[in-house]
Trainee: 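The structure under discussion is supplied below as structure tokens; questions concerning it will follow.
All values reported here derive from a predicted model rather than from experimental measurement.
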Amino acid sequence: MPDLLDPAVLERAAADGELAALVARWTARAAGDELRRAVLAALRLDLALVVREPELLFQSVYNRVYWHASAEAAAFYGEGSDEGAPLRAWAERWRALRGGRGAWARSLRPPEFPLLGPLREEYRGTPPGARSPAFSRDGRIVGCKGPTAIAWERATGRALPPDLAAQQLDDGRPELEARGDAWGRAQVHDRRSGASLVDVDVDGDSKFDCAIGLADGTAVIAAGWCQDYDGVIARVDLAGAKVRWRVQIGGQIHALGCDRAGTLVAASDGAAVYLLDGTSGATLASAPLSVHSLALSADGSTLVTRHEDVLRVWDVAALRRGRPTRIRGAHAGWIDAAFSPNGRRLITGMLLCDGRDGRLVARLDLDGPGYLEGGPPVHGRRLADDRFVEMTPRGLAVWDAIEGKRERVDHGRRFVHTQEVVLSPDARWYVCGRRSGWKPVEMTLCAVDDGSVRAELGMVERDCVAFAPDSSRLLVAAGGALTVWRVSTGTREATLLQHPAAVTGVAVGRDGSCAVTGARDGVLRVWSLASGELRGARPLTADDPVERSWSVDGEDTGGWRATPEALTRLEGWLGCSYADGSTQRRRDGLTDIVEAGRVRVRVPAQEGLVAAPDGTRWASRVDHFAIEDELETMSEERPERDVSRDR
């Protein structure tokens, strides 16, 4: 039989559509062989992706198996061992054999969930119109219901035609909805017919807004929230409309699933999945999984979850044995991903990493979700080259970005969601003011370290303050004028113009030579910061992102804002320099990195990626990729990492 560890065999099988058969033949023979078990697990996880796009075989397998049982993975997961050297050596040999086959995305951190854990399969590319996930009655098909149904054969990874997908995923159960018109009452209706199935007082305290019925039609499971958004789940037997059990668990429950017999219930509050005994309501297990919707197979042996446009299939027995290992700290805090200006540091969630090689530097004790109303300011965090600053309701804190040590904290300066905050690129200055709806804010320029006021900037609208890249100057658009301030002294340096219309957004080019303004008249303008002259202007087009909003008086206050997407749209126009030349687009469950109008590489990233300043690294909360060309990469040996600092 062809050797599973022969790269040529794997590549030929993928190209010929025989990969699923190869995986099936080896699955029964790999018991006790840790090397082959890990490779099989990686192939099984991405089987549907590789069947669709065989050219991603190496990238998918390498990025999963390289980290298996490594000290680096143990640092990110918070547990594990360093026994995977043979697997890493195999992955590197395959990489060397590939020669110069063009650019690919090499992962600089372990996958969110490790190999040989509860996660068994992933399916990418669920369309926006698809609804809740589901299994076929025999469990061999998985997908999403809805007008644009999509499904895959689990054994082969092959996608089914939409009409067949809809047929296979129809388990005969009625689609239910909980209308939640009255506190404490579970009011459940058949979505198609509108018939009322349940209208019963459960507790007088809860709001039920999702429901699912048992396959035999004898009971309904309803869920929602109570008190301070605690989660609540109740089972109501239809005979006599009797509440069999009610439990409080987690946060507000928004997704439910149950097996065909009603002996197992799965529920999600967005931060965790809970498995409950369907007869008694007792909690059997919980797992920290971010889930939008879910479903259990008919026999309760497998669970499918949906997050964004990715489906994941989990082994329920493995989930019940314990919490699944995952990257620890990436989902905490208020930060998705941010590189330092020089690209040498990266922060995702609470993880401070080396932005170049991915090494975990430190876990920062950052503030996180838990506020009932609001939380910290939207832009109250900044990673600079040498420091990280966080401004939250618990105070202002400064960390050393080189070693990840907290240097100081000022509990006297507290910042909440009603404040507008803009931090300078070097994280040594900030502009702050308290917001009231969409009205202009009285803004102040202050020093981060001691809070001293450098300048009173006057009334300024949201998104109309921007620091120069070197943090030496500050642009403020207010009162029809665009004013330049010298940050260190807090003095006005120049008033560049009397703007033709009220400004809605301002930004400074990456090289500091120009500014761009958006205005109420729907015109974008580029200004020279050296001369104050107008370089050029053009009307907004349908491709320019515009954010619409309304004041407390109902006035339309929307307009062009200096978002990353809006600035990327202006790259190269009249000398504007904002991006590195690369953009991204989401397609078929993958992220395309696009350069000069062509896809350079496809990346299996689930969330939006942030680019490093030089465009060679891309990251999200759980991903960190280096975009490499093998001709360049293989000329140098992979640098050894100091993993002792990760522990």
Side-chain angles (χ1 to χ4, degrees), residues 379 420-426 429-433 435 438-446 453-540 544-547 549 551 557-579:
H379 302 296
E420 194 73 22
V421 171
V422 181
L423 275 155
S424 63
D426 65 2
W429 311 95
Y430 66 95
V431 173
C432 183
R435 195 171 61 245
W438 288 86
K439 296 179 180 179
V441 178
E442 186 75 33
M443 303 293 274
T444 305
L445 173 63
C446 305
V453 176
R454 285 296 189 270
E456 299 290 345
L457 304 176
M459 301 299 290
V460 184
E461 289 197 22
R462 172 177 172 250
D463 288 337
C464 290
V465 174
F467 283 93
D470 63 1
S471 302
S472 65
R473 294 182 294 174
L474 174 70
L475 268 67
V476 179
L482 185 62
T483 304
V484 181
W485 295 76
R486 177 61 58 179
V487 172
S488 59
T489 61
T491 57
R492 287 182 176 88
E493 186 174 279
T495 298
L496 294 183
L497 59 109
Q498 287 299 316
H499 207 278
V503 177
T504 59
V506 61
V508 183
R510 187 169 60 174
D511 61 4
S513 68
C514 68
V516 61
T517 58
R520 290 271 187 264
D521 59 3
V523 176
L524 291 174
R525 296 174 174 87
V526 174
W527 311 87
S528 169
L529 291 181
S531 65
E533 297 178 350
L534 180 66
R535 287 186 179 180
R538 68 165 172 80
L540 285 169
D544 289 307
V546 173
E547 293 185 1
S549 56
S551 69
T557 61
W560 184 87
R561 309 288 184 184
T563 63
E565 294 79 14
L567 295 177
T568 298
R569 175 84 175 93
L570 302 180
E571 177 67 23
W573 176 56
L574 299 176
C576 292
S577 175
Y578 296 103

Trainee: Do any side-chain atoms of residues 475-488 form donor-acceptor pairs under 3.5 angstrom with protein atoms, and if so which ones, sequence neighbours left out?
Mentor:
from: Arg486; atom 1: NE; to: Glu493; atom 2: OE1; distance (Å): 3.0
from: Arg486; atom 1: NH2; to: Glu493; atom 2: OE1; distance (Å): 2.6

Trainee: Could you pull out all residues at least two apart from Arg535 that satisfy side-chain contact (heavy atoms from CB on, under 4.5 Å)?
Mentor: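 Once residues adjacent in sequence are excluded, the partners of Arg535 under the side-chain contact (heavy atoms from CB on, under 4.5 Å) criterion are Ser513, Cys514, Val526, Ser528.
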Trainee: Taking side chain as C-beta onward, heavy atoms only, is Val506 less than 4.5 Å from Val465?
Mentor: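 They are not in side-chain contact.
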Trainee: Working note: Leu570 + Arg538, criterion side-chain contact (heavy atoms from CB on, under 4.5 Å); need CA distance, chi angles, decisive distance, verdict.
Mentor: CA-CA 11 Å; Leu570 302 180; Arg538 68 165 172 80; 3.2 Å; yes
Trainee: Any donor-acceptor pair under 3.5 Å linking the side chain of Arg561 with the backbone of Thr504?
Mentor: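 At least one qualifying donor-acceptor pair exists.
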Trainee: Might you point out which heavy atoms bring Ala466 and Ala507 nearest each other, and give the distance in Å?
Mentor: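 Minimum heavy-atom contact is CB-CA, 4.1 Å.
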Trainee: Looking at Val523 and Ala537, what are the two nearest heavy atoms and their distance?
Mentor: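 In this case the closest contact between Val523 and Ala537 is CG1-CB, 3.9 Å.
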Trainee: So, for Val421 and His379, which heavy atoms are closest and what is the spacing to 0.1 Å?
Mentor: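 Minimum heavy-atom separation between Val421 and His379: O-CB, 3.4 Å.
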Trainee: Closest approach of Ala468 and Val508, non-hydrogen atoms and distance?
Mentor: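 Result for this residue pair: CA-CG1, 4.1 Å.
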Trainee: Do Pro440 and Val460 have side-chain heavy atoms sitting under 4.5 Å apart?
Mentor: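 Pro440 does not reach Val460 side chain to side chain.
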Trainee: Would you compute the distance between atom OG of Ser577 and atom CD of Glu571 and round it to the nearest 0.5 angstrom?
Mentor: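 The distance works out to 5.0 Å.
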Trainee: Hey, what do you get for CG (Leu529) to CZ (Arg473), rounding to the nearest 0.5 Å?
Mentor: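 So the CG of Leu529 and the CZ of Arg473 are separated by 5.5 Å.
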Trainee: How many angstroms lie between atom SG of Cys432 and atom CD of Glu442, to the nearest 0.5 angstrom?
Mentor: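 Reported value, rounded in 0.5 Å steps: 11.5 Å.
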Trainee: Does one side chain, of Trp429 or Ser471, offer a donor that lies under 3.5 Å from an acceptor on the other?
Mentor: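 Trp429 vs Ser471: no donor-acceptor pair found between side chains.
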Trainee: When you compare the side chain of Leu474 with that of Val422, does any pair of heavy atoms fall below 4.5 Å?
Mentor: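 No, too far: nothing below the 4.5 Å cut-off.
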Trainee: Side-chain contact, heavy-atom cut-off 4.5 Å: Phe467 with Asp426?
Mentor: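 The answer is no, as the side chains (C-beta and beyond) never meet within the 4.5 Å cut-off.
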Trainee: If you measure from CE on Met443 to CZ on Arg435, what distance do you get to the nearest 0.5 Å?
Mentor: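 CZ of Arg435 is found 9.5 Å from CE of Met443.
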Trainee: Does Ala566 have any side-chain contact (heavy atoms from CB on, under 4.5 Å) partners at least two apart in sequence or in another chain, and if so, which?
Mentor: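 By the side-chain contact (heavy atoms from CB on, under 4.5 Å) rule, Ala566 matches Pro545, Trp560, Thr563.
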Trainee: Would you compute the distance between atom CZ of Arg454 and atom OH of Tyr430 and round it to the nearest 0.5 angstrom?
Mentor: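 Nearest 0.5 Å value for the CZ-OH distance: 11.0 Å.
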Trainee: How long is the gap from CD on Glu420 to CG on Asp463, to the nearest 0.5 Å?
Mentor: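 Answer for the CD-CG pair, Glu420 versus Asp463, is 6.5 Å.
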